[in-house]
*Asks:* 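This is the structure I have questions about; it appears just below.
All heavy atoms count here, side chains included; hydrogens, waters and symmetry mates do not. Letters go in sequence order (proteins before strands), and every chain restarts at 1.
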Number of protein chains: 4
Amino acid sequence: MSSALELFAERGYDATTIPMIASKAGVGAGTIYRYFENKEVLGNKIFQGYVDIFTATIKNGFPHEDSIRNQFHHIFKSMVHFTVKQDQALYFIKIHSGAHFLHEESHISFQGLLNIFKNFFDSGKERKEIKELPSSALIAIIYGAFLELQRLVRIGELVPEAKLLEDVEESFWDAVRLHI
Amino acid sequence: MSSALELFAERGYDATTIPMIASKAGVGAGTIYRYFENKEVLGNKIFQGYVDIFTATIKNGFPHEDSIRNQFHHIFKSMVHFTVKQDQALYFIKIHSGAHFLHEESHISFQGLLNIFKNFFDSGKERKEIKELPSSALIAIIYGAFLELQRLVRIGELVPEAKLLEDVEESFWDAVRLHI
Amino acid sequence: MSSALELFAERGYDATTIPMIASKAGVGAGTIYRYFENKEVLGNKIFQGYVDIFTATIKNGFPHEDSIRNQFHHIFKSMVHFTVKQDQALYFIKIHSGAHFLHEESHISFQGLLNIFKNFFDSGKERKEIKELPSSALIAIIYGAFLELQRLVRIGELVPEAKLLEDVEESFWDAVRLHI
Amino acid sequence: MSSALELFAERGYDATTIPMIASKAGVGAGTIYRYFENKEVLGNKIFQGYVDIFTATIKNGFPHEDSIRNQFHHIFKSMVHFTVKQDQALYFIKIHSGAHFLHEESHISFQGLLNIFKNFFDSGKERKEIKELPSSALIAIIYGAFLELQRLVRIGELVPEAKLLEDVEESFWDAVRLHI
DNA sequence: TATGAATGAGGGTTCATTCAT
DNA sequence: GATGAATGAACCCTCATTCAT
C-alpha cells in the first residue's frame with residue numbers, strides 16, 4: 001500500500017501500473033491480487049485509509065470544551081501534524097478527491113472528514129465568532145488553501161518552519177473569523 | 001477543444017480517451033488528429049489556452065494606480081468573471097497544473113499567471129497592507145481557496161450569488177491583509 | 001504514376017501513402033481516385049506498365065535471324081537501355097515482383113517478360129551454344145544478377161561506364177554459354 | 001521468430017501484422033512484446049540472426065590455403081547448405097536488405113556477409129583467376145543470381161538436385177573466372 | 001502462498017477512401 | 001473535374017488481470 005501510495009501521488013492513479021507497484025514493493029504482480037481484488041479497490045482502500053487516518057488525527061484530543069480559537073488551533077495543528085507524517089497521502093488525497101475510480105464509500109469517508117470541519121464552523125457561527133458564510137464555503141477556503149500550501153512545501157518552494165506555520169494559521173483564522 | 005476540456009475536467013487527462021472526445025464532439029476519432037498532432041499536444045493547447053485567457057482576464061483593466069484593496073477587488077472580480085465563463089477551464093487547470101503531460105511552455109504560461117499575483121502581493125507587502133508571508137504562500141492561499149470554492153459551485157453545492165461572492169472576497173482579503 | 005513509381009521504389013508499396021503520392025504529384029489525394037480505383041490498382045498498373053515497356057524494349061528490333069551471341073547482345077543492350085531510362089522502374093519491379101498486392105494479371109505480364117528470355121535460351125540450347133540448364137534457371141541467373149548489379153548502380157556504388165558494361169556482358173555470357 | 005520469418009518472407013515486413021505473427025505462432029499478440037521491444041526490433045533480430053548464421057556457415061571450414069576454385073566450391077556449397085536449411089531466411093534477407101526498418105547494426109552485419117565474398121574475389125583477382133570486375137559487381141552477380149534461383153526453388157519451379165547444383169555452380173564459376 | 005508469463009481488450013494513432021463543396 | 005476534410009477500420013502497443021507452476 002505504501003508503494004502504491006507513493007506512485008499514485010507521484011504519477012497519478014492512471015499513470016501508475018500494477019507491475020510498477022509490484023516492483024517497488026518487491027513482490028510479484030500477481031501477489032497484489034491476493035490482497036486487493038483489483039487496481040480500483042486498491043486505490044479506494046488507500047484513499048479511504050488515509051482519509052480515515054486524517055479524520056482520526058483531527059478528532060484525537062479535540063478540545064470540545066475549549067474556545068473556538070483554540071479548537072481552530074487544534075485543527076490546524078492536526079492538519080500540519082498529518083501532513084508532516086504523510087505528505088504523500090495528503091497530496092494523493094488532494095489530486096484524487098474527485099477521481100473517477102473512487103467508490104461511493106470513499107466519497108462518504110471524504111465527507112466524514114469534511115464534516116468535522118463543518119461541525120466546528122457551525123458551532124463557531126452560533127457563537128458569533130466565525131463569519132456567516134456557508135460552512136461548505138469556509139471548509140473550502142481552509143482546506144483548499146492548506147492543500148495548495150502543502151503542494152508548495154512538497155515541491156520545496158516553501159519550508160514549513162515554526163514562524164511560517166504560525167503566520168499561516170493567523171491568515172487562516174483571519175479568513176474565517178468574524179471581525180467585529 | 002471544448003469537448004476535450006469538459007472530459008479532461010471531469011475525468012482527468014489520463015482517463016479520457018480520444019474516442020470519448022471524438023464522440024462527444026460528434027466527429028470521427030481520426031479528425032482530431034488533423035488539428036492536434038497527438039493527445040499530449042491537445043492537452044497542452046487547452047491548458048495554455050485557458051491559462052492565457054485567465055491571465056489576460058486579470059491583466060485587462062488592472063488598476064495599477066489604485067489602492068491595494070481595489071486592486072485586490074479587481075483580481076477577485078476577474079477570477080469570478082473567468083470562472084463564470086469557463087468553469088470547466090479553471091478546474092481543469094487546477095487538477096492538471098503539475099501533470100506529467102505538460103510541456104515546458106505550459107509550465108511557463110502557468111508561471112506567468114502566478115506572477116501577476118506575485119507582483120500584486122509584493123507591492124502590497126511593500127506598502128504594509130499585506131501580511132509578511134512569502135508571496136508564493138499568499139498565492140497558494142487565495143488560489144487554493146478559490147479553486148476549492150469553485151469546485152463546490154461546479155457540483156452545485158454552492159450558488160455564486162452576489163452576497164456570497166462579497167463575503168468570500170471579504171474572507172480572502174482578511175486572509176491576506178495586514179491587520180493593524 | 002511517375003510520382004507513385006518513385007515513392008514505391010524508394011520506400012516500398014506498403015510504406016507509401018496515397019497523400020504522399022498526391023503531394024509529390026501536386027494534386028489532391030481524391031484526384032488519384034478519379035484515375036485509379038484504389039491503391040492496389042495503382043500499384044498493379046504501374047507494375048504491369050513498366051513490365052510491358054521492358055518487354056517491348058527487348059522485343060523491339062530483336063535480331064531473330066542473327067547469331068545467339070548477337071541476340072544475347074541485343075537482350076543485354078536492351079536491359080541496359082531500359083535501366084538507364086527507367087532505373088526506378090526496374091528497381092520497383094525487382095522488389096515487388098512477388099508482392100502481395102499484385103493481381104494475377106500482373107504476374108502474367110511478368111511471366112511474359114520472362115518468356116522472351118525463355119525462348120531465347122531454348123533456341124540457344126537447341127543450337128548447342130547455351131548450357132543445358134533449365135531455361136528458368138538461366139533466366140534467374142541473368143535476371144537476378146542484372147537486378148542486383150542495378151541496385152549497386154542505383155545506390156552509387158557502381159558507375160555504369162562502357163567498359164564495365166562490356167565486362168558484365170562478358171561475364172553474363174560466360175555464365176550461360178556452353179564452353180566447349 | 002520462425003513464424004515472423006515465414007510471414008516476413010511471404011508478405012514483406014510492412015504487410016505483416018503483429019496479430020498475424022501471434023496467430024501463426026499460436027500465442028497472444030501481447031506475448032510477442034515480452035520478447036521483442038517492438039516490431040522493428042523483431043525484424044532486426046531476425047535479419048541479423050540469419051545474416052550471422054549465413055556468415056558463419058560460409059566461414060565455417062573455409063579452405064584458406066586451398067585453390068580459388070575450391071574456395072569457390074566451398075562458398076557455393078555453403079550457400080546451398082544454408083538455403084536448404086533456411087530457405088525462408090535467405091529470401092527474407094534478399095527482399096529486406098535495404099529495408100527502411102533496419103538498424104545500423106543490421107546493415108553492418110550484412111556488410112560483414114558481403115565482405116567474405118569481397119575478400120574471396122579480391123584474392124582471386126590478385127591470382128589472376130577471377131575477372132577484373134569490381135568485387136561489388138562480382139558479388140552482385142553471384143548473390144543476385146543465386147537468390148533468384150532460390151526463389152524458383154522456393155516456388156517449386158526448380159528442384160535442387162545434385163546435377164542441377166553442379167551445373168549452376170559451373171555457370172557461376174564461368175561468370176566470374178578469368179577465361180584465358 | 002507467491003509468482004510472472006501469457007493474455008486480449010482497449011488505447012493512441014495512421015491512412016485508404018469517400019464525398020460535399 | 002478537382003479537392004481535401006472527414007471518416008473509421010485496422011495498426012502497433014500497453015497493461016490489468018489470470019492461472020499454471
Side-chain angles (χ1 to χ4, degrees), chain A residues 4 7-8 11 13-23 25-43 101, chain B residues 4 7 11-23 25-43 101, chain C residues 4 7-8 11 13-23 25-43 101, chain D residues 4 7 11-23 25-43 101:
Chain A
L7 288 163
F8 286 159
R11 322 173 38 91
Y13 175 84
D14 287 306
T16 301
T17 71
I18 293 287
M20 273 178 202
I21 298 169
S23 151
V27 300
T31 304
I32 290 176
Y33 285 84
R34 296 198 62 74
Y35 299 96
F36 305 97
E37 278 170 74
N38 52 44
K39 189 184 175 184
E40 211 174 286
V41 166
L42 171 59
F101 68 86
Chain B
L7 287 162
R11 317 174 40 85
Y13 175 85
D14 286 312
T16 302
T17 72
I18 294 286
M20 276 179 200
I21 298 169
S23 148
V27 301
T31 303
I32 289 174
Y33 288 87
R34 290 193 62 76
Y35 300 95
F36 306 96
E37 283 168 70
N38 52 45
K39 189 183 173 184
E40 208 174 292
V41 167
L42 171 58
F101 68 87
Chain C
L7 288 163
F8 286 160
R11 320 173 38 89
Y13 174 84
D14 287 306
T16 301
T17 71
I18 294 286
M20 271 178 201
I21 298 169
S23 151
V27 300
T31 304
I32 289 175
Y33 286 83
R34 296 198 60 76
Y35 299 97
F36 305 96
E37 279 170 74
N38 53 44
K39 189 182 174 185
E40 208 174 288
V41 167
L42 171 59
F101 68 86
Chain D
L7 287 162
R11 320 176 36 88
Y13 174 85
D14 285 313
T16 301
T17 71
I18 294 286
M20 276 178 199
I21 298 169
S23 147
V27 299
T31 303
I32 290 174
Y33 288 87
R34 289 193 63 76
Y35 299 96
F36 306 96
E37 282 169 72
N38 52 46
K39 188 183 173 185
E40 211 175 289
V41 167
L42 171 59
F101 69 87

*Asks:* Atom OH in D/Tyr35, atom CD1 in D/Ile32: separation rounded to 0.5 Å?
*Replies:*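 D/Tyr35 OH to D/Ile32 CD1: 11.0 Å, rounded to 0.5 Å.
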*Asks:* Apply side-chain contact (heavy atoms from CB on, under 4.5 Å) to A/Thr17 and list each qualifying residue two or more places apart in sequence or on a separate chain.
*Replies:*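 So A/Thr17 forms a side-chain contact (heavy atoms from CB on, under 4.5 Å) with A/Pro19, A/Met20.
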*Asks:* Without decimals, in angstroms, what is the distance between B/Phe36 CZ and F/dA6 P?
*Replies:*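 Atom-to-atom, B/Phe36 to F/dA6, this comes out as 12 Å.
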*Asks:* At what distance, to the nearest 0.5 angstrom, does OG1 of C/Thr31 lie from CD1 of C/Ile21?
*Replies:*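 These two atoms lie 13.0 Å from each other.
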*Asks:* What is the ring orientation for A/Tyr13 with A/Phe101, classed by angle as parallel under 30°, tilted 30 to 60°, or perpendicular over 60°?
*Replies:*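 A/Tyr13 and A/Phe101: parallel rings.
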*Asks:* So, for B/Ala29 and B/Ile18, which heavy atoms are closest and what is the spacing to 0.1 Å?
*Replies:*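 Nearest heavy atoms, B/Ala29 then B/Ile18: O-CG2, 4.2 Å.
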*Asks:* How long is the line joining CD1 of A/Ile21 and P of E/dT3, in whole Å?
*Replies:*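 From A/Ile21 CD1 to E/dT3 P: 15 Å.
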*Asks:* Let me have a per-nucleotide readout for nucleotides 13-21 of chain E, 5' to 3', with B, S or -, counting only protein heavy atoms under 4.0 Å.
*Replies:* BBSSBB---
*Asks:* Searching all strands shown, indicate the nucleotide that pairs with F/dA20 (Watson-Crick or G-U wobble; both distances under 3.5 Å).
*Replies:*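 Per the H-bond distance test, E/dT3.
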